[in-house]
Amino acid sequence: MQYKNIFKTWLILFFISFITPLLAQNITPGTVWLDTDGKPINAHGGGILYQKGKYYWYGEFKGQGPNGAKAMDGVSCYSSKDLVRWKNEGIVLKMVPDTNIMLQPGCIVERPKVIYSAKTDKYIMWFHHELKDQGYKAAMTGLAIADKATGPFQYIKSIRPHQNIWPINLPQQSRVVPSSFPANFRQLPNWKERVEEGVLVGRDFNTGQMSRDMTLFVDDDGTGYHIASSEDNQTLHVSKLSDDYQSFTNEYYRILNGQSNEAPAVIKHEGKYYMIASGTTGWKPNPGRSFVADKITGPWQILGDPVIGTEADKATTFQSQSTFIIPVQGKKNSYVYMGDRWNADNLGDSRYIWLPLTFENNKPQLKWLNSWNPKKMPSN
Ligand code: DGJ
């Protein structure tokens with residue numbers, strides 16, 4: 001009798017763990033998302049690469065526990081053909097157990113994004129990198145390269161981009177390197193105007209520009225761009241990458257100056273560039289933002305909050321923060337918003353909010369769905 005019960009319990013657990021993920025057809029935002037081994041998917045602040053019939057989802061592999069470094073093991077990768085069932089491909093970028101190497105255990109890696117270079121047949125990952133025991137002070141972007149989408153990625157370098165280079169669109173009169181910088185800068189009455197004018201670019205001119213939340217975007221002509229929160233997270237920088245995507249060119253632009261955007265995600269839709277981003281409130285969600293531009297380098301125009309829902313939904317972007325927009329393959333103008341519902345007390349247990357991103361009057365929109373099937377997504 002007891003054996004019978006044990007067998008029954010075992011059968012139920014087996015079914016939940018292994019059969020349910022295999023049968024899944026739908027995405028159910030905010031619930032625990034199991035991979036094809038029946039384990040919760042651990043790929044936060046992620047991005048997607050589509051290559052040869054498969055989607056690859058790269059993200060932060062977070063451990064259990066609160067904040068920063070302790071919650072970080074490396075970059076994970078999952079693969080899928082349908083955006084619903086994801087196979088764990090393992091940790092594809094690992095911390096290097098060597099204190100001489102910047103990518104050592106205890107450092108922070110966030111928002112990894114991967115693009116493929118047809119020119120070199122390499123997979124190029126850039127990621128936000130903070131150094132061990134320095135909190136979010138270093139503000140660097142890191143590079144890792146692989147021969148296969150599933151890695152292993154080899155760590156190359158971390159940099160503060162554009163050292164001693166002015167942004168293309170910074171007016172001549174703002175190209176000033178201050179001899180000193182006031183410690184109480186944010187208490188100055190006109191600090192915001194001075195940020196908009198570019199004073200922080202001058203401050204960081206000799207060391208290179210800050211680079212925190214970031215994304216990558218490859219345009220139709222194959223040009224790659226790195227888009228990151230810079231200048232104390234006040235202004236985004238759009239940087240043109242080299243032909244092989246492995247370095248920064250000297251061409252970069254400030255956009256949405258002083259507007260404090262994080263978590264940028266970019267797509268090209270009907271010839272225009274659209275961006276979804278968030279404000280800067282740490283792990284707490286805030287109202288989403290959307291923008292449009294004729295050129296990725298700007299100027300960008302504000303379109304407002306993409307959320308269609310209650311005031312509470314709007315205030316928190318359905319309790320999520322953007323990380324990427326997936327162009328659905330084989331469906332024209334069909335996109336998926338990818339967001340993170342962070343759990344600051346246990347980052348490893350943060351959830352995913354994936355919803356169709358649609359367009360109404362040339363404006364991106366997000367509506368809540370409890371459960372939805374990417375195969376049945378509308379085209380715009
Ligand atoms: C918000 C950013 O978007 C995240 O990637 C992360 O850096 C947290 N801040 C840290 O507080």
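In each ligand, atom 1 is the first atom listed, and ligand 1 is the first ligand listed.
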Under 3.5 Å: N/O of His128 near N/O of ligand 1 = no
Listed partners of Lys314 passing side-chain contact (heavy atoms from CB on, under 4.5 Å), at least two apart | Asp305, Val307, Glu311
Taking heavy atoms and a distance under 4.0 Å, where does Arg212 meet ligand 1: side chain, backbone, both or neither?
-> neither
Please say whether Glu60 places an N or O atom under 3.5 Å from an N or O atom belonging to ligand 1.
-> no
How about Trp166 and Phe205: are their ring centroids closer than 6.0 Å?
-> yes
Return the set of residues passing salt bridge (charged side-chain N to carboxylate O under 4.0 Å, His left out) with Asp220 (not counting sequence neighbours), or none when no residue passes.
-> Lys268
Parallel under 30°, tilted from 30 to 60°, perpendicular over 60°: which one fits the rings of Trp57 and Tyr352?
-> perpendicular
Close-contact set for ligand 1 against Asp213 heavy atoms, below 4.0 Å | 2 (C), 3 (O), 4 (C), 5 (O), 7 (O)
Interfacing atoms of ligand 1 (cut-off 4.0 Å, heavy-atom, Glu110) | 4 (C), 5 (O), 6 (C), 7 (O)
Quickly, which of Asn286, Asp232, Asn233, Asn261 forms a side chain to side chain contact (heavy atoms under 4.5 Å, CB included) with Thr280? Name it, please.
-> Asn233
Would you check if there is a donor-acceptor pair between the side chains of His44 and Glu110 at a distance under 3.5 Å?
-> no
Does ligand 1 have an atom under 4.0 Å from some heavy atom of Trp342?
-> no
Find all atoms of ligand 1 within a distance of less than 4.0 Å from any non-hydrogen atom belonging to Glu262, and give their numbers and elements.
-> 1 (C), 2 (C), 3 (O)
